[in-house]
Amino acid sequence: MTPTDPQRPAAELPTAAELPKAYVPADAEGAVRAKWDAARCFHAEPSAPGEAYAIFIPPPNVTAALHLGHAFNNSLQDLLTRYHRMKGANTLWMPGTDHAGIATQTVVEKRLLLQGKKRTDFTREAFVEKVQEWKDEYEATILGQLKSMGCSCDFDRTRFTMDETCATAVRTAFFTLFKDGLVYRGKRLVNWDPVTETALADDEVEMEEVDGHFWYLRYPLADGSGHVTVATTRPETMLGDTAVAINPKDPRAAALRGKKLRLPIVGREIPIVEDDYVVMPASMGGDPADPKAQFATGFLKVTPAHDQNDWDIGQRHGLAAINVMAPNGAISDRHGWTDVSDEAHAFVGLSREEARKRVVAWFKANGLLEDAKPYRHAVGHSYRSHVPVEPYLSDQWYVRVTDDRLRGTALRAMAKDQVEGALPAAVASGPAMSGDGELRFFPARYAKNFQMWHENIRDWCISRQLWWGHRIPVWSRRGEASALAAHLGALASLPSARASVRASRVADGAEVALSALAGAKGEHDLHVCLLDDSDGAALESAGFKRDPDVLDTWFSSALWPLSTLGWPDPSKWPEMAGLLDRYNPSSVLCTAREIITLWVSRMVMFNRYFLGRLPFRHVFIHAMIQDGHGQKMSKSLGNGVDPRDIIHSHGSDAMRFTLVSMATNTQDVRLPVDIVCPHTGDTFTPKWATASGGYTVADAIQSSPKDPSRKMVSGFGAATGVATPTADMPLARNTSARFDLGRNFANKLWNATRFALANLSQARPDSTKEPLTLLDRWMLARLERAVRAYDEAVADYEFHRVAEVVYDLVWRDFCDWYLEGIKPTVRSNATQQAVLAGTLDAILRLLHPICPFVTETLWPSVQALPNRAVAGLSLAPSALCATAAWPAPAASLRDDAALAEFARVQALVDAIRKVRGERQVSPKRRIALLAGDSVRALVTAAGGVVETLAGLETVSPSPATRPAGAVAIPFEGSELLLDGLADAVDASAERTRLSKLIAEREKQASGMRAKLDNAGYVAKAPPAVVEETRQKLAEIDADIAAARGALAALGG
RNA sequence: GGGCGCUUAGCUCAGUCGGUAGAGCACCGCCAUUACACGGCGGGUGUCGCAGGUUCGAGUCCUGCAGCGCUCACCA
């Protein structure tokens, strides 16, 4: 017989004595996890009954361990998962990790650098092997952290974005998009990191403020009739200028129309083009509110190969794009620049920075530098190498997300009422699909981000010049069009189900139809995309080379709701049978707002394109966890706090409860963190240092507060590799007093249960039932209300409300009032015993999604109670709390009369306690209440509760004359007397108390009188509101009169 | 610059339909009482960022301003 057996004999009933005096999480958590594992209760079976409830974990990347931001994210997902599991849903929470191409490769390269080694010292295979080792270590750490937090993921189904099933999905997706014309090779400007020589995604670019200059450069007109002046912050790019643009509305435009300029240094003749994009200077009619109008000259140098906006202008006007740089950022005549003059040769080979100085010097020396002004502006920097990103012309693979099949379906997925304005007509008229209008954001305002992103989206560069990731499955061969055309015959023998062929022109990257290839001129590329590697060798022997690049990490992340369920071929993996149909679309995606564009959008587009369904119906965007300085907790910054540290100091439930209570809809969470000294156990505030980027972080090495000679490594030091923990200098854990809230709460529940068990150990299941007391009715009504409020809060994804509801129910209602109130009666009232046991049982269930460990630990003891039957409270037995049914109080437990009457009881008790507190009456001292009929009736109805909680000895009718030592309290408009508070009355203290009370009430009364004297109020406010004010005023006036009478009796 | 949010008690934050503001922590007093000192009881004198407006009535709705944060854009 297991300890969880609800049939455990009464003789073995756990008693309060068996439970330690305080909840010790470390003693409980391991055993509880073992129980869950043994029962496999989080394993999802598609064939099992129940409505599907599925969540895909946002796969944490394997660069580092999880921090409290992840703990927050996962606590909320676990709350949802456990809640719906208990409500009877067929629940899947899919766990896994993300390979995070750039981030992980960078971390490993940094570590290698500490050993004096570079990536290129290894073969690609050997390097990938090293990254793999890192991944294995951190994947294990991350999964361990999730388990420590109590996450009820189906760990049997854990996936990794580069495992075989995910890789198959990535391969199929790429192949399909390629074949459908949604993946193409493009010659475009990308964010280029000239140090690491790879393209970067937009989100890998960090904007940093730098001090620069505006240089005003004169470009002479080719006919010698004068010059125009351009303003630029990057004069070195002028070597690649192919035009100067002017706004067509500029008054000077007409005179310059058709004229050419002679580009200084280079000697290139360039046109003046007219383009609306150019901002006119304020003096020429430009908008003075536009800051550009302040420093603009109205002439814009156009360098299509080194500036995105110039590229766009170039496209509009058919301008050449002349790339004047090598991949390392140096000026180069070998990457597209052919008209290098003798004068210009001097600049070839210079770095970007040096070239800038020399170009400025040249203009100055030649009298063409009109002006130079200091200017501070934001420039994109690589988050890897921290050098300015170069907009660089290169050949990359793109997903045509601007196609209606991708962008259009994403926009049409939005819930109609969350769409701002109307969708563009071209989008709205697109083909209908299942899931249209069903994607809903919580909070709703984030729908706008999603919409705006898609309306302004650009094609997505997916190739990365890295080694860690999904290698692009395209084999290419370059050559003259006619020569390549000769290969087409052989390629045609490849089955179209496994291979797809496309061709592009080298000069501009434009796609060329295969049928036109034979007749085309010049160098072309032939690209063959293969669904699997089996035909690769044949291609390679025919002179094709596989693309060395890998795919952007988000490409595989975008497939997460598909790949984890076995798409495209679930039958290939028997354990995945049925998953895709059962759990996709999933129920909700829980993530932070920064991810809306990077990930949410792409999952929606891909899931809809490949499967015709939404990946999830709801998107819940939660707050971000910041450190004590308001900085986002992040793996790369190293300011993250390991959840295991908090679990160590406070317990998992405490961490979870606190995090849930901080989950408000609008406010990011600021979490000041302390350090626990590993030498002494003392908690102290760390010494701070300023890291690169101006961030405030804990010093890598900290001193013990009591003995500064003893050192330790901070989490920041360890995370960034700045300091390595040793035996003498161990890693210090973090903690935070913010989690006391949750720890205290778990302990409160623990002790409330101990109390209940102690009082129910003698319970008699067969005793005659007595009617419910007011207190019992009230408790059940509060429970019923709490369950409703809980359900509503979860449905709205308002998690702090969930925490609030259970906190008030458990601490305020159950502990402070109910348990205190039943103390004199519970041992003899069998009905009350059932209410106590039933309420406690329901509370454990309600609390379980937030605090799974303490509730599961207490569960067997409470389940063993023999008498938990309460009419209207359905509490189906269950071996585990994790799989117990959600408590569903019947509507019959709603009892507004009991709530209202008990509210009066509480007000009465509060009023008496207040006087006791002010007069410092010992809790042991019993006093006498003298009151009128209505109050005595209330006391009687409360069945002893008032006497117990207010410490009353006797309750008697109001006497005709006030006893000498009695103290008066106004209550509900009449006077109560408390007698026996003290052996002797302190008349002076009493006068002070009454005067204060009168002043307080008079202030309230005058406010209400002012309202009622206002004719507008009486005439226009709802009659019920006016009537309420009148009643309140009458009551207050009566209170004042009573207090005045008492004051007079004291001779005041 | 665009968008979104925030500004309420010493601190961290709630505040739904507009009807005279709440919680936790901290702080003060009392309490070894038999579930819990990780506890109990009592204690709040807040210009609800500023200025206008709408309204009988504004923390709440509208406008403007200031400060802070996030995000997108920005190399003229």
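Here the structure is a predicted model, which is why all the values come from computation and not from measurement. Just the heavy atoms: all of them, side chains too, but no hydrogens, waters or symmetry mates, feed the values below. Each chain gets a letter, A, B and so on, in the order its sequence line appears, and its residues count up from 1.
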Touch check for [X], heavy atoms < 4.0 angstrom, all strands: base, sugar-phosphate only, or nothing?
X: A:H800; answer: sugar-phosphate
X: A:V669; answer: nothing
X: A:V389; answer: base
X: A:R913; answer: sugar-phosphate
X: A:P391; answer: nothing

Exercise. Of all residues at least two apart in sequence or in a different chain, which pass the side chain to side chain donor-acceptor pair (under 3.5 Å) check with A:Y797?
Worked result: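 In terms of side chain to side chain donor-acceptor pair (under 3.5 Å), with neighbours along the sequence ignored, A:Y797 is linked to A:H618.
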Exercise. Side chain to side chain donor-acceptor pair (under 3.5 Å) with A:T591: which residues, sequence neighbours excluded?
Worked result: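 Here no residue qualifies.
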Exercise. Should the heavy atoms of other residues, nucleotides or ligands under 6.0 Å from CZ of A:R785 be counted, would the total exceed 12?
Worked result: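 No, because the 6.0 Å sphere around CZ of A:R785 holds 12 heavy atoms or fewer from other groups.
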Separation of the [atom1] atoms in [N] and [M], to the nearest angstrom:
N: B:G67; M: B:C27; atom1: P; value: 36 Å
N: B:G59; M: B:U47; atom1: P; value: 13 Å
N: B:C13; M: B:U8; atom1: P; value: 9 Å
N: B:A35; M: B:G22; atom1: C1'; value: 28 Å

Exercise. Counting only distance, no hydrogens or angles, is the base of B:A35 paired donor-acceptor with the side chain of A:E820 under 3.5 Å?
Worked result: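 A donor-acceptor contact between them is present.
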For this session: Kindly state each residue pair satisfying side chain to side chain donor-acceptor pair (under 3.5 Å) with at least one member in residues 907-916 of chain A, sequence neighbours excluded.
Result: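 Residue pairs passing side chain to side chain donor-acceptor pair (under 3.5 Å), neighbours aside: none found.
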Short N/O separations, protein against nucleotides 29-33 of chain B, under 3.5 angstrom:
{"residue": "B:G29", "atom": "O2'", "partner": "A:Q920", "partner atom": "NE2", "Å": "2.5"}

Problem set entry | Interatomic distance, A:Q308 CD vs B:A73 C1' [rounded to whole Å] | 12 Å
For this session: Please state how far atom NE2 in A:H454 lies from atom P in B:C72, giving the value in whole angstrom units.
Result: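 Taking NE2 of A:H454 and P of B:C72, I get 14 Å after rounding.
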Seminar exercise, completed: Ranking A:V1018 and A:V1025 by the position along RNA chain B of their nearest nucleotide, the one closer to 5' is A:V1025
Exercise. Does A:K914 or A:V379 map to a spot on RNA chain B nearer the 5' end, using the closest nucleotide for each?
Worked result: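 On the 5' side of the pair lies A:K914.
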Can you give me the N/O atom pairs linking the protein to nucleotides 21-26 of chain B at distances under 3.5 Å, or say none if there are none?
{"residue": "B:G24", "atom": "OP1", "partner": "A:R812", "partner atom": "NH1", "Å": "2.8"}

Exercise. If we call it a pair only when both distances are under 3.5 Å in a Watson-Crick or G-U wobble match, what pairs with B:G67?
Worked result: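 Per the H-bond distance test, B:C6.
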For this session: Under a 3.5 Å limit for both distances, which nucleotide forms a Watson-Crick or G-U wobble pair with B:C48, could you say?
Result: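 Paired with no nucleotide.
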Exercise. Among the nucleotides B:C74, B:A14, B:C56, which one has an atom lying closest to any side-chain atom of A:E804?
Worked result: B:A14
N/O-N/O pairs, protein side and nucleotides 4-6 of chain B side, under 3.5 Å:
{"residue": "B:C4", "atom": "OP1", "partner": "A:K448", "partner atom": "NZ", "Å": "2.9"}
{"residue": "B:G5", "atom": "O2'", "partner": "A:T666", "partner atom": "O", "Å": "3.2"}

